[in-house]
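See below for the structure under consideration.
Side chains are part of it too, since the values below use all heavy atoms of this structure and drop only hydrogens, waters and symmetry mates. Since we're looking at a predicted model, the values are computed, not measured.
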Amino acid sequence: MERQHSSWALCSNLFFLSLLISSNLLTFYLFSSSSSSATSESTTSCPSYSVTAANNETPPTATGATTDLAPEFLEFASPHPFPFGKNPNSGEDHLYSPVGHPCTLFPDHLNRFMSYTVNGSCPDDELIAQRLLLKGCEPLPRRRCRAAAPSDYVEPYPLPVSLWSTPSDHSVVWTAYACKNYLCLINRKYQKSFDDCKDCFDLAGREKARWTSSESRGLDFSIDEVLATSKPGSIRIGLDIGGGVGSFAVRMRERNVTIVTSSMNLNGPFNNFIASRGVVPMYLSISQRLPFFDNTLDIVHSMHILSNWIPTKVLHFLLFDVYRVLRPGGLFWLDHFFCVGEQLEEEYRPVIESVGFKKAKWVVGRKLDRGPERKEMYLSALLEKPLKNSW
């Protein structure tokens with residue numbers, strides 16, 4: 001009887017062992033089939049290029065995600081293999097051309113910008129390009145066409161005459177602007193309509209007197225007084241954010257300081273005008289990360305452009321970017337920051353102070369030209385990145 005029971009137990013154990021092995025084999029087969037199918041599906045459905053891949057984000061997996069974009073845009077932004085394999089600097093075997101992620105959010109504008117004859121002439125489309133920039137499509141994709149230029153181009157005046165001379169009208173393609181010559185731009189200071197930097201094209205007017213007084217007068221700091229806060233010769237290179245027609249850079253050049261001026265072309269050829277004067281323009285919006293390495297600039301200046309029209313969080317990021325590019329001991333000249341009512345004390349002072357600058361000058365004044373009831377005010381400040389323990 002005991003022997004019969006042992007035989008039954010042995011058969012039972014063999015049965016369950018056989019069942020276990022069979023179930024494991026079935027599971028392995030099903031898993032292998034599904035993995036193979038998933039791999040095949042991801043290989044065939046993944047688009048050949050993803051715009052977000054160029055920004056180190058997760059690429060989309062939906063089939064046809066890029067079918068609505070211009071072929072020339074895809075040609076530019078697709079990854080391209082390095083001729084000699086993996087690049088030792090990037091650690092990659094493909095080159096990814098940078099392009100602003102929001103570009104693809106506005107396909108109509110993007111496709112117009114990227115539609116042209118390769119090796120031919122670019123369309124005269126400055127308005128489309130600037131609209132893309134202002135919508136966050138920055139940097140714009142490169143193109144393989146020749147940019148529009150005046151057919152009867154006239155070269156700029158030589159230095160130093162060019163610094164305070166109005167350039168020729170034949171140095172600009174005027175189709176994007178309401179004014180079709182510089183005289184029109186100079187005279188628009190008499191018009192009631194709003195224009196960015198309304199009177200700054202008049203180099204014989206108020207523009208020529210900016211920052212030149214022997215000492216500061218309230219909100220109006222003088223260049224010489226600002227430079228005197230640092231060791232002689234230590235302020236050598238810098239940036240003017242939203243610098244209009246480049247007059248700050250010209251005044252600093254007269255003091256052997258090199259300034260790059262960032263500017264857009266809002267209803268006027270600001271970048272052409274800056275370049276014609278003999279200083280360096282940079283076509284850059286205030287949303288773009290400053291294209292300078294950390295701790296490199298001696299001074300950053302901005303007049304009027306940094307104000308309460310900028311979303312506060314965007315302004316906070318921007319101020320930290322200014323702090324980043326300034327070297328320890330570098331100066332940030334915040335010139336006529338505009339705000340209203342209690343905004344300065346309740347909102348902007350805490351934001352500015354959170355960045356970590358030392359205050360060298362801090363002057364608040366009321367803006368009364370449109371009436372005191374508006375409670376408009378300006379802040380002018382000279383801020384220093386700490387020389388030690390600046391991070």
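Closest approach of Thr117 and Cys145 over heavy atoms only: O-CB, 4.1 Å. In terms of heavy-atom proximity, Asn267 sits nearest to Leu185 at O-CD2, 4.1 Å. The nearest pair of heavy atoms linking Leu203 to Ser247 is CD2-OG, 4.4 Å. Shown here for Pro79 and Tyr96, the closest heavy-atom pair between the two residues is CB-CE2, 3.4 Å. Residues Pro350 and Leu344 approach most closely at CD-O, 4.1 Å, considering heavy atoms. What you find for Phe270 and Cys197 is that their closest heavy atoms are CE2-CB, 3.7 Å.
For the pairing with Leu315, the side-chain contact (heavy atoms from CB on, under 4.5 Å) check across Trp309, Phe337, Phe320 returns one residue only, Phe337. Applying the side-chain contact (heavy atoms from CB on, under 4.5 Å) test between Leu331 and each of Val226, Val300, Asp298 identifies Val226 as the sole match.
Remark: the His336 side chain and the Asp220 side chain contain an N/O donor-acceptor pair separated by less than 3.5 Å. His304 and Asp335 share no donor-acceptor pair across their side chains, judged by distance under 3.5 Å alone. No side-chain donor-acceptor contact under 3.5 Å links Ser390 and Arg327. Side-chain N/O atoms of Ser115 and Glu72 include no donor and acceptor closer than 3.5 Å.
Here the CG-CG distance, from Leu383 to Leu319, works out to 9.0 Å after rounding to the nearest 0.5 Å. Here Asp108 contributes atom CG and Arg131 contributes atom CZ; the two are 12.0 Å apart, rounded to the nearest 0.5 Å. Distance check: Ile235 CD1 to Thr229 OG1 gives 6.5 Å after rounding to the nearest 0.5 Å. To the nearest 0.5 Å, atom CD1 of residue Ile128 and atom CG of residue Leu140 are 11.0 Å apart.
A cation-pi arrangement is absent between Lys385 and Phe332, since the terminal nitrogen or guanidinium carbon is not both under 6.0 Å from the aromatic centre and inside a 45° cone about the axis. Stacking of Arg143 on the aromatic ring of Phe113 is recorded, both the 6.0 Å distance cut-off and the 45° axial limit being met.
Using a 30° and 60° split on the angle between ring planes, Trp333 and His301 fall in the perpendicular class, above 60°. Taking the six-membered ring for Trp and thresholds of 30 and 60 degrees, Trp211 and Phe248 have ring planes more than 60 degrees apart, a perpendicular arrangement.
Salt bridge annotation for Lys359-Glu353: present, with a cationic side-chain nitrogen under 4.0 angstrom from a carboxylate oxygen.
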Please evaluate residues Asp169 and Trp174 with respect to the criterion side chain to side chain contact (heavy atoms under 4.5 Å, CB included), reporting the C-alpha separation (whole Å), side-chain torsions for both, the decisive distance (0.1 Å), and the verdict. CA-CA 9 Å; Asp169 293 335; Trp174 292 95; 4.1 Å; yes

Criterion salt bridge (charged side-chain N to carboxylate O under 4.0 Å, His left out) on Asp125 and Arg112, from CA distance to verdict: CA-CA 9 Å; Asp125 56 2; Arg112 285 183 62 186; over 6 Å; no

Working for side chain to side chain contact (heavy atoms under 4.5 Å, CB included), residues Tyr283 and Met264: CA-CA 6 Å; Tyr283 192 45; Met264 299 296 290; 4.1 Å; yes

For Glu126 and Thr175: C-alpha separation, side-chain torsions, deciding distance, then whether side chain to side chain donor-acceptor pair (under 3.5 Å) applies. CA-CA 8 Å; Glu126 182 185 335; Thr175 51; over 6 Å; no

Do Asp199 and Arg188 pass the salt bridge (charged side-chain N to carboxylate O under 4.0 Å, His left out) test, and can you show the C-alpha distance, the side-chain angles, and the key distance before you say yes or no? CA-CA 7 Å; Asp199 61 349; Arg188 73 181 181 183; over 6 Å; no

Glu138 and Ser285: side chain to side chain donor-acceptor pair (under 3.5 Å), yes or no, with the steps? CA-CA 8 Å; Glu138 193 171 25; Ser285 79; 2.5 Å; yes

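Annotation: side chain of Ile223 is not in contact with side chain of Thr212 (no heavy-atom distance under 4.5 Å). Within the 4.5 Å cutoff, no side-chain heavy atoms of Tyr348 are placed close to those of Leu379.
Distance alone, capped at 3.5 Å, is enough to place a donor-acceptor pair between the Arg324 side chain and the Phe292 backbone. Between the Arg366 side chain and the Pro372 main chain, a donor and an acceptor come within less than 3.5 Å of each other.
Remark: Arg253 CZ is loosely packed, at most 12 non-hydrogen atoms of other residues, nucleotides or ligands lying under 6.0 Å away.
Tyr323 and Val351 fall within a single hydrophobic cluster, where Ile, Leu, Val, Met, Phe, Trp and Tyr side chains are chained together by heavy-atom contacts under 4.5 Å.
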